Amino acid sequence: MGANFSHQRSKNKETKGQRSPEKPSSFNLLPESDTLGKKASVIFNYVLMDAEEIPSFIWHMKSIEKLNLSHNRLSKVPAAVAKLEQIVVLNLCGNRIVHLPREIGLLRNLKVLFVNMNYLCEMPEEVGLCRKLEVLSLSHNFISGLPSTYNDLSKLRKLNLSNNQIVNIPACVFHIKTLDFLHLGSNKIENIAENIKYLERLKILIIDHNNITVLPRTVCLLTTLELFNVDYNKIQTLPNDLYLLTNLKRIAWNPLDKGLHVINNPLVKPLSEYVEGGLDMLFSYLKDIKKT
């Protein structure tokens, strides 16, 4: 659908009015290939058309399941979006959208929503009614929080809130226990709440480029973590129980690599030296401290 949902290092927010590199425009309606004999999905691409408004004829195409309106100049999404009752994937990435309509909560079949790279300051409470939602990308906006109604997104697996204006991790996030991917990089986060322990299925947790000084001990209970990125914060010490995160296999340097990303912090000695020596050395050191 043309939107990136990777776990690469957080990037700086684009300046207002900046455009992506030019690509050929895409304007087509076609059924998605079906190799299993099942009914094919209908997808509609209206990408890089330099459109300021969503064409009204789209609201009459009620069979659409995947709609890509990314990289235009859209400033709003009309209430008529509610007519797309069969929509499963909605891509609004790379526009100029300031707010989403409440009617988006009527899209009860919606599973994937990309609204990254827009000008959103807040999200409508009604998104919490999209109970089938599995992927939500809100990166590169101006969001500082999320409504408590998002507690009800019981099927959400991937949430990207990177490159926003978040100081405190929204409380609702800790209620979404189905999350296996959480990206909070490049915000203004100062601490990680103890409630992080409730996200027991997390495999990827990225909170790089923030203002965090201390990691809570409860983060050590996230034993399914395969990638834990807290690089470029203000962390000086690490919790002694960090060695419990046995699915972290290395001290990672490349942002794309799985492992523990922590080296780019003002770690005190001798902790910084053990980190440079590798994960096995670090974990052995933390175990020894715990015994004493």
Side-chain angles (χ1 to χ4, degrees), residues 3 5 7 10-11 13 90 92-93 97-102 104-105 107 110-219 221-222 224-225 227-230 232-235:
F5 204 93
H7 59 255
S10 309
K11 298 179 181 178
K13 189 185 299 295
L90 178 57
L92 298 166
C93 165
I97 299 169
V98 177
H99 71 273
L100 293 175
R102 297 174 55 188
I104 201 164
L107 303 180
L110 191 64
K111 292 185 178 181
V112 179
L113 177 60
F114 291 107
V115 206
N116 44 308
M117 297 173 60
N118 279 283
Y119 301 133
L120 297 171
C121 291
E122 59 183 8
M123 287 290 291
E125 296 181 358
E126 288 76 12
V127 171
L129 298 173
C130 300
R131 303 292 169 78
K132 294 184 179 180
L133 199 62
E134 298 178 5
V135 176
L136 178 58
S137 182
L138 303 173
S139 70
H140 295 84
N141 280 285
F142 300 92
I143 295 169
S144 58
L146 292 177
S148 60
T149 54
Y150 289 27
N151 292 357
D152 298 323
L153 296 176
S154 59
K155 293 189 177 181
L156 193 65
R157 296 183 297 106
K158 302 185 187 303
L159 176 60
N160 191 340
L161 287 166
S162 65
N163 291 273
N164 277 287
Q165 302 293 318
I166 297 171
V167 175
N168 297 304
I169 300 175
C172 65
V173 170
F174 304 120
H175 291 270
I176 309 174
K177 299 180 181 180
T178 48
L179 286 176
D180 59 40
F181 176 104
L182 177 59
H183 196 339
L184 292 159
S186 293
N187 278 284
K188 301 178 180 180
I189 298 171
E190 299 178 352
N191 63 77
I192 302 174
E194 298 279 341
N195 287 344
I196 193 73
K197 65 184 178 181
Y198 295 120
L199 303 183
E200 298 176 348
R201 299 186 187 181
L202 274 183
K203 293 183 178 180
I204 296 177
L205 175 57
I206 306 173
I207 320 183
D208 62 330
H209 291 269
N210 278 284
N211 300 315
I212 298 166
T213 56
V214 177
L215 294 179
R217 290 185 62 185
T218 53
V219 78
L221 300 176
L222 304 179
T224 56
L225 278 180
L227 188 158
F228 183 29
N229 189 344
V230 287
Y232 300 101
N233 278 283
K234 301 176 182 179
I235 299 168

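Side chains included, hydrogens not; waters and symmetry mates left out as well; all remaining heavy atoms used. From a predicted model like this one, the values you see are computed outputs, not experimental measurements.
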Note to self: So Leu90 and Leu110, do their side chains get closer than 4.5 Å, heavy atoms only?
What the structure shows: yes
Note to self: Quick test of your reading of the model: are Arg102 and Glu126 salt-bridged, counting only N-O distances below 4.0 Å?
What the structure shows: yes
Margin query: Rounded at 0.5 Å granularity, tell me how far CG in Asn229 sits from CD1 in Ile204.
Written below: 10.5 Å
Margin query: Nearest 0.5 angstrom please: Tyr150 OH to Leu136 CG, how far?
Written below: 6.5 Å
Item checked: Worked verdict on Arg157 versus Leu179 for side-chain contact (heavy atoms from CB on, under 4.5 Å) -> CA-CA 4 Å; Arg157 296 183 297 106; Leu179 286 176; 5.7 Å; no
Item checked: Stepwise side-chain contact (heavy atoms from CB on, under 4.5 Å) test for Met123 and Leu138 -> CA-CA 9 Å; Met123 287 290 291; Leu138 303 173; 3.7 Å; yes
Note to self: Do Ile235 and Val230 have side chains that approach each other closer than 4.5 Å (heavy atoms only, starting at C-beta)?
What the structure shows: yes
Check: Do you know which two heavy atoms are closest between Asn164 and Asn141, and how far apart they sit?
Finding: OD1-C, 2.9 Å
Notebook entry, point to check: How close do Glu125 and Thr149 get, heavy atom to heavy atom, and via which atoms?
Noted result: O-OG1, 2.7 Å
Checklist line | Leu100 to Leu92 - nearest heavy-atom pair and separation | finding: CD2-CD1, 4.1 Å
Margin query: With rounding to the nearest 0.5 angstrom, report the CG to NZ distance, Asn168 to Lys188.
Written below: 12.5 Å
Next item on the list: Kindly give the heavy-atom pair with the smallest separation between Thr224 and Leu202, and that separation in Å.
Entry: OG1-O, 2.5 Å
Notebook entry, point to check: Between atom CG of Leu161 and atom NE2 of His183, what is the distance when rounded to the nearest 0.5 Å?
Noted result: 10.0 Å
Check: Would you call Lys203 and Asp180 a salt bridge, using N to O less than 4.0 angstrom?
Finding: no
Next item on the list: Rounded to the nearest 0.5 Å, what's the gap from CG on Leu153 to OG1 on Thr178? Could you check?
Entry: 8.0 Å
Item checked: From CD1 (Ile206) to OG (Ser186), nearest 0.5 Å -> 10.5 Å
Next item on the list: Give the minimum heavy-atom separation between Asn118 and Ile97, together with the two atoms involved.
Entry: OD1-N, 3.0 Å
Notebook entry, point to check: How close do Phe228 and Val219 get, heavy atom to heavy atom, and via which atoms?
Noted result: CZ-CG2, 3.7 Å
Checklist line | Whether over 12 other heavy atoms sit under 6.0 Å from Glu134 CD | finding: yes
Would you tabulate the side-chain donor-acceptor contacts of residues 191-199 under 3.5 Å, counting partners in other chains and residues two or more places apart, or write 'none'?
residue: Glu194; atom: OE1; partner: Thr218; partner atom: OG1; Å: 3.3

Note to self: Using the rule given for side-chain contact (heavy atoms from CB on, under 4.5 Å), can you reason through Leu113 versus Ile104, listing the C-alpha separation, both sets of side-chain angles and the distance that settles it, and then say yes or no?
What the structure shows: CA-CA 10 Å; Leu113 177 60; Ile104 201 164; 4.3 Å; yes
Checklist line | Passing candidate, side-chain contact (heavy atoms from CB on, under 4.5 Å) with Lys234, options Val214, Asn210, Asn211 | finding: Asn211
Checklist line | Student check: side-chain heavy atoms of Val173 and Leu159 closer than 4.5 Å | finding: yes
Item checked: From CA spacing to verdict: side-chain contact (heavy atoms from CB on, under 4.5 Å), Ile189, Ile212 -> CA-CA 6 Å; Ile189 298 171; Ile212 298 166; 4.2 Å; yes
Note to self: Just to verify, what does Arg131 make a side-chain contact (heavy atoms from CB on, under 4.5 Å) with, not counting sequence neighbours?
What the structure shows: Leu129, Asp152
Check: Within a strict 4.5 Å, meaning less than it, do heavy atoms of the Leu205 and Leu227 side chains meet?
Finding: no
